[in-house]
There are 2 protein chains.
Amino acid sequence: MEDKYHHGNLRQALIDHGIRIINEEGEQSLSLRKVAAACGVSHSAPYAHFKDKEELLSAIKASVTERFTEYLYRSVDEVKDESAEKAIVAMGRSYVKFFLEHPDYYQFLFYNQKITVHLTAGEIHEEDYPPYLLLKELFFRYLGEKGIALSDEEKEIELIKIWSTVQGIASIACMENVKTTKPWEDYLDKLIH
Amino acid sequence: MEDKYHHGNLRQALIDHGIRIINEEGEQSLSLRKVAAACGVSHSAPYAHFKDKEELLSAIKASVTERFTEYLYRSVDEVKDESAEKAIVAMGRSYVKFFLEHPDYYQFLFYNQKITVHLTAGEIHEEDYPPYLLLKELFFRYLGEKGIALSDEEKEIELIKIWSTVQGIASIACMENVKTTKPWEDYLDKLIH
DNA sequence: TGTTAATCTTGACACTGTCAAGTTTGTTGT
DNA sequence: ACAACAAACTTGACAGTGTCAAGATTAACA
């Protein structure tokens with residue numbers, strides 16, 4: 001750092017301060033100039049690392065997605081000695097909890113149509129979206145433990161149903177204008193019918 | 001209209017052009033000045049009707065929510081002679097279809113944390129959120145038709161599960177970066193287990 | 001008909017994203 | 001060691017933004 005002309009690691013600093021600002025002040029109030037100032041560089045410095053604001057947001061989004069994925073894996077790991085059903089519920093709870101702990105991340109991750117996640121490279125299909133992979137793995141383990149046999153099609157339908165339920169509950173829990181009468185945790189207990 | 005100093009119905013014109021712009025160019029590119037220009041009025045004119053940009057967006061949001069609700073009711077009405085289960089599926093399909101037809105509305109309706117819907121006045125609780133009321137009505141009819149008896153708690157849990165599943169599927173269907181292998185309609189067929 | 005309040009305009013301000021041009025520094029080839 | 005080059009960063013400018021204050025126009029009403 002210090003007072004060098006070259007920052008040293010501006011790219012990562014921009015991402016980190018960007019995440020902090022989004023979480024503290026909301027996405028709306030994140031500006032390139034503000035992030036630059038937070039990193040102690042001039043207002044145009046970010047353009048050496050990102051084509052435009054969109055590209056910085058995309059990088060921030062990828063970074064948040066990584067943290068989200070780690071968060072899910074950690075929660076599942078904590079109950080790794082118990083049943084797959086417990087693990088799925090644990091994952092669902094963490095899924096929602098993550099966004100309640102970081103209220104601005106939900107909108108940021110899922111609802112910037114102009115931003116596409118680039119975890120590695122290219123578009124993300126369900127098949128290589130890490131949270132989905134985790135759920136898939138757990139669900140297959142669940143089917144094994146229960147001795148349930150399903151066709152591939154039935155499996156996918158069930159998977160999408162579970163995933164979308166969790167996603168939907170997170171969505172509802174994050175909506176400030178819609179309140180459920182029961183705490184959201186209650187809706188996750190019977191995630192698998 | 002004409003060349004009068006007083007527009008006549010500027011408030012509604014701002015809302016209508018606002019909706020059009022959001023749907024044509026996306027929410028990001030909606031500015032107060034642009035809407036004002038579209039209405040043929042000076043850049044500060046909107047301030048006679050809305051405190052700030054947020055308040056205009058809030059009015060637009062309420063207007064879109066109304067259209068959304070109407071859209072759902074219409075689709076349910078089209079199958080009013082069939083079973084409640086069919087109606088629920090029809091509603092689910094329309095729920096998703098509405099946002100696929102108006103790609104910018106999804107983010108706009110659900111993910112502007114700073115905007116709260118004011119359909120009549122005050123916050124919206126699940127209890128008086130019209131789409132939820134519709135689903136509730138259909139679900140109770142479904143239970144009657146099937147002769148299923150549930151406790152109030154069980155009823156609510158099932159309702160939230162159905163609602164969040166539909167919401168989640170809409171969410172997934174609207175995500176450009178996540179693609180399912182099957183068309184989203186397939187995941188709605190077995191909405192009720 | 002005169003007063004008042006609502007509606008709209010004009011002008012200004014700070015802030016935004018972006019670009020062009022110039023400056024500093026690390027790297028690389030000889 | 002040194003020149004050449006490319007990457008990283010600065011400075012300055014531009015159009016567009018939300019918002020406010022002050023003034024102009026008009027409708028409504030006493």
Side-chain angles (χ1 to χ4, degrees), chain A residues 1-61 104 107-108 111-116, chain B residues 1-61 104 107-108 111-116:
Chain A
M1 309 298 166
E2 321 309 321
D3 276 14
K4 303 194 300 179
Y5 193 93
H6 284 56
H7 180 283
N9 199 4
L10 182 56
R11 198 192 140 87
Q12 193 57 46
L14 289 167
I15 293 174
D16 291 340
H17 277 104
I19 293 176
R20 183 184 52 76
I21 292 175
I22 287 178
N23 208 41
E24 286 175 359
E25 310 174 28
E27 194 206 333
Q28 300 277 356
S29 86
L30 179 91
S31 72
L32 276 181
R33 295 174 106 104
K34 197 187 280 183
V35 185
C39 295
V41 295
S42 82
H43 66 262
S44 274
Y47 285 87
H49 302 276
F50 303 101
K51 190 176 128 283
D52 51 17
K53 188 182 183 183
E54 210 173 304
E55 216 172 87
L56 169 59
L57 287 174
S58 189
I60 294 178
K61 190 170 172 180
D104 281 291
Q107 173 184 11
F108 180 70
Y111 300 95
N112 278 304
Q113 290 164 326
K114 296 185 179 171
I115 299 177
T116 308
Chain B
M1 309 300 164
E2 321 310 321
D3 278 14
K4 304 193 301 180
Y5 193 93
H6 284 57
H7 180 284
N9 200 3
L10 183 55
R11 198 193 140 89
Q12 193 57 45
L14 289 168
I15 292 175
D16 291 340
H17 277 105
I19 291 177
R20 182 184 52 76
I21 291 175
I22 287 179
N23 208 39
E24 284 175 1
E25 311 175 28
E27 193 206 333
Q28 300 278 355
S29 88
L30 179 91
S31 71
L32 276 180
R33 296 174 105 104
K34 197 185 282 182
V35 185
C39 296
V41 93
S42 85
H43 66 262
S44 274
Y47 284 87
H49 302 275
F50 303 102
K51 191 175 127 281
D52 51 18
K53 188 182 183 182
E54 210 174 302
E55 217 172 86
L56 169 60
L57 286 175
S58 189
I60 294 177
K61 189 171 173 179
D104 281 292
Q107 173 185 11
F108 180 70
Y111 300 97
N112 280 303
Q113 290 165 328
K114 295 184 178 173
I115 299 177
T116 308

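Being a predicted model, the structure only gives us computed values, none of them experimental. Here is the naming used below: chain letters follow the sequence lines, and residue numbers restart at 1 for every chain. These numbers come from the heavy atoms of this one structure, side chains and all, not from hydrogens, waters or symmetry mates.
Between the CG atom of A/Leu10 and the C1' atom of D/dA8 there is a distance of 9 Å, rounded to whole Å. The distance from atom CG of B/Leu30 to atom C1' of D/dG16 is 14 Å, rounded to the nearest whole Å. As a whole-Å value, the separation of B/Phe50 CZ from D/dC20 C1' is 18 Å. The CD-P distance, from A/Glu25 to C/dT16, rounds to 10 Å in whole Å. Spacing between atom NE2 of B/His49 and atom C1' of D/dT19 amounts to 17 Å, rounded to whole angstrom units. Here C/dT18 presents its C1' atom at 14 Å from CG of A/Leu56, a figure rounded to the nearest Å. Residue B/Lys51 contributes atom NZ, which lies 17 Å from atom C1' of D/dA21 at whole-angstrom precision. Distance NE2 (A/His43) to C1' (C/dA21): 12 Å, rounded to an integer number of Å.
Here the side chain of B/Lys53 pairs no donor or acceptor atom with the backbone of B/Leu32 at under 3.5 angstrom. Listed for the B/His6 side chain is no donor-acceptor partner under 3.5 Å among the backbone atoms of B/Gly8.
The nearest heavy atom of DNA chain D to B/Lys53 and to A/Arg11 marks one nucleotide each, and the one closer to the 5' end goes with A/Arg11. Of the residues near DNA chain C, B/Val41 and A/Ser31, the one whose nearest nucleotide (by heavy atom distance) lies more toward the 5' end is B/Val41.
A close approach under 4.0 Å does not occur between any side-chain nitrogen or oxygen of A/Tyr47 and OP1 or OP2 of C/dC19.
Here the shortest heavy-atom pairing between A/Arg20 and A/Ala38 reads NH2-CB, 3.8 Å.
Considering only side-chain atoms of A/Arg33, the nucleotide from D/dT26, C/dG17, D/dC9 that sits closest is C/dG17. Nearest nucleotide to the side chain of B/Ser44, out of D/dT17, D/dT11, C/dT10: C/dT10.
A distance of 10.0 Å separates CD1 of B/Ile15 from CG of B/Leu10, quoted to the nearest 0.5 Å.
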